[in-house]
Chemist: 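Take a look at the following structure, please.
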Amino acid sequence: MSLTAHARLDGDRSQRTFDVILRSLSEPGTVHTLPTEILHDDVPTTAWLALALADVDVPVHIDGPAYGPAADLVADATSAPRADIDSAWVVALETPTSTLLGRVATGDAYHPELGARVALPAESVGPVDEGAGTVVRLDGPGIKGERRVRIEGLGPDVLAALRRATAPFPAGFDTWLFTPGGQVMAISRSTHVTVEEA
């Protein structure tokens, strides 16, 4: 099977991958796992957001030197048009920065649906008592009280940008963090993000 054929999600693989994407967004800060059969060494896990959501009507921006082949793969597998970061509906960033995140579409109070869906790479995500990383406190819809999680691999500037992106709800963008092993954690635009001091 070619890599493009592998990246085309259909049938059960499509349903299971979409379920992970949707459930993680409805339960911000919880850890979910992509189906193991879709994982491939030549496909960054962040690309699966676009592969699950994009089609001919969904503009995509995939940014980063090592992500070039992934951008070609997404275009071939989904027929999604490529777009600049500020007009893309789905964005995947190899090396996220506050500057890049500041350019991502957020929509506005009257058109929140114009906010993007963003995939970012993280080294690891999970409960605060498991592993290393920055401790982040989340609260909002889908969270009873608050949820404290750890995120490893994103700098303070990126976490601050995520906090700013969720501040003007209903505007903002939804974010998914993907680890190399296929774990997924989402932070919805309706989630309030607080980075705890070390």
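Counting begins at 1 with the first residue of the sequence.
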Chemist: Taking all non-hydrogen atoms of both residues, which atom of A88 and which atom of A105 are closest, and how far apart?
Modeler: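 Here A88 and A105 meet closest at O-CB, 4.4 Å.
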Chemist: For residues M185 and V195: do they belong to one hydrophobic cluster (side chain heavy atoms under 4.5 Å, members Ile, Leu, Val, Met, Phe, Trp, Tyr)?
Modeler: yes
Chemist: For A80 versus A54, what's the shortest heavy-atom pair and its separation?
Modeler: CB-CB, 3.7 Å
Chemist: Taking side chain as C-beta onward, heavy atoms only, is L120 less than 4.5 Å from T175?
Modeler: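 They are in side-chain contact.
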Chemist: Examine I85 and F178 and state if one hydrophobic cluster contains both, with Ile, Leu, Val, Met, Phe, Trp and Tyr joined whenever side-chain heavy atoms are less than 4.5 Å apart.
Modeler: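 No, no single cluster joins them.
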Chemist: Could you walk me through whether D108 and L114 pass the side-chain contact (heavy atoms from CB on, under 4.5 Å) test, one step at a time?
Modeler: CA-CA 8 Å; D108 57 41; L114 298 180; 5.8 Å; no
Chemist: Please find the pair of heavy atoms, one from S87 and one from P59, that lie closest to each other, and give the distance.
Modeler: O-CG, 3.8 Å
Chemist: Does any part of the side chain of L101, heavy atoms only, come nearer than 4.5 Å to the side chain of F173, both counted from C-beta?
Modeler: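 Yes, at least one pair of side-chain atoms sits under 4.5 Å.
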Chemist: To the nearest 0.5 Å, tell me how far D157 CG sits from L162 CG.
Modeler: 10.0 Å
Chemist: Can you confirm whether V149 sits close enough to V125 that some side-chain heavy atom of one is under 4.5 Å from a side-chain heavy atom of the other?
Modeler: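 Result no, sub-4.5 Å side-chain heavy-atom pair not found.
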Chemist: Do L154 and L177 make a side-chain contact, defined as non-hydrogen atoms from C-beta onward lying under 4.5 Å apart?
Modeler: yes
Chemist: Can you name the side-chain hydrogen bond (donor to acceptor under 3.5 Å, both in side chains) partners of H32, sequence neighbours left out?
Modeler: R23, E27, T30
Chemist: With a 4.5 Å cut-off on side-chain heavy atoms, are V20 and T33 touching?
Modeler: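 The answer is no, as the side chains (C-beta and beyond) never meet within the 4.5 Å cut-off.
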Chemist: V184 versus L34: any side-chain heavy-atom pair under 4.5 Å?
Modeler: yes
Chemist: How would you list, by chain and number, every residue that makes a salt bridge (Lys or Arg N to Asp or Glu O under 4.0 Å) with D12, sequence neighbours excluded?
Modeler: R16
Chemist: For S190, check side-chain hydrogen bond (donor to acceptor under 3.5 Å, both in side chains) against everything at least two apart and list the hits.
Modeler: S188
Chemist: Not counting sequence neighbours, which residues clear salt bridge (Lys or Arg N to Asp or Glu O under 4.0 Å) with D84? List them please.
Modeler: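 By the salt bridge (Lys or Arg N to Asp or Glu O under 4.0 Å) rule, D84 matches no residue at all.
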Chemist: My understanding is that only residues two or more places apart in sequence, or in another chain, count here; which of them pass salt bridge (Lys or Arg N to Asp or Glu O under 4.0 Å) with R189?
Modeler: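 Residues passing salt bridge (Lys or Arg N to Asp or Glu O under 4.0 Å) with R189: D174.
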Chemist: List the steps and the verdict of side-chain contact (heavy atoms from CB on, under 4.5 Å) for L9 and W48.
Modeler: CA-CA 9 Å; L9 291 173; W48 290 106; 3.7 Å; yes
Chemist: Can any side-chain N or O of R82 pair as donor or acceptor with the backbone N or O of A75 at less than 3.5 Å?
Modeler: no
Chemist: Would a 4.5 Å heavy-atom cut-off, applied to side chains only, mark P180 and P121 as touching?
Modeler: no
Chemist: Between L3 and I62, is there shared hydrophobic-cluster membership here, with clusters defined by ILVMFWY side-chain heavy atoms closer than 4.5 Å?
Modeler: yes
Chemist: Has H6 got a side-chain atom pairing as donor or acceptor with I38's backbone, closer than 3.5 angstrom?
Modeler: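 A pair under 3.5 Å: yes.
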Chemist: Consider only side-chain heavy atoms of I, L, V, M, F, W and Y, link residues closer than 4.5 Å, and tell whether V60 and L53 are in one cluster.
Modeler: yes
Chemist: Once rounded to the nearest 0.5 Å, what's the spacing between atom CG of D55 and atom CH2 of W89?
Modeler: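 Rounded to the nearest 0.5 Å, the CG-CH2 separation comes to 8.5 Å.
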Chemist: Does the side-chain contact (heavy atoms from CB on, under 4.5 Å) test come out yes or no for L73 and T4, once each step is laid out?
Modeler: CA-CA 6 Å; L73 180 66; T4 299; 3.8 Å; yes
Chemist: Please report the interatomic distance CD1(I151) to CD(E123), rounded to the nearest 0.5 Å.
Modeler: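 Interatomic distance, I151 CD1 to E123 CD, rounded to 0.5 Å: 12.0 Å.
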Chemist: Between CG of L100 and CG of L93, what distance do you get to the nearest 0.5 Å?
Modeler: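 Here the rounded value is 5.5 Å.
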Chemist: Looking at CZ of R163 and CZ of R137, how far apart are the two atoms once the value is rounded to the nearest 0.5 Å?
Modeler: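 It is 12.0 Å, given to the nearest 0.5 Å.
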Chemist: May I ask you to check whether W176 and S24 show a side-chain donor-acceptor distance below 3.5 Å?
Modeler: yes
Chemist: At what distance, to the nearest 0.5 angstrom, does CZ of R117 lie from CG of L25?
Modeler: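 One finds 8.5 Å between CZ of R117 and CG of L25.
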Chemist: Residues in ring-ring contact (aromatic ring centres under 6.0 Å, His included) with H111, at least two apart?
Modeler: none
Chemist: Quick one, P35 and R13 - any side-chain contact, counting heavy atoms below 4.5 Å?
Modeler: no
Chemist: Between V118 and V104, which heavy-atom pair has the shortest distance, and what is it?
Modeler: CG2-CG1, 3.7 Å
Chemist: Given T45 and L39, is the side-chain contact (heavy atoms from CB on, under 4.5 Å) satisfied, shown in steps?
Modeler: CA-CA 7 Å; T45 51; L39 300 180; 4.1 Å; yes
Chemist: To check you understand the geometry: which heavy-atom pair defines the closest contact between R164 and S98, and what is its length?
Modeler: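 Nearest pair, atom of R164 first, then S98: NH2-CB, 3.9 Å.
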Chemist: Can you hop from V90 to F18 via hydrophobic side chains spaced under 4.5 Å?
Modeler: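 The answer is yes; both residues are in one hydrophobic cluster.
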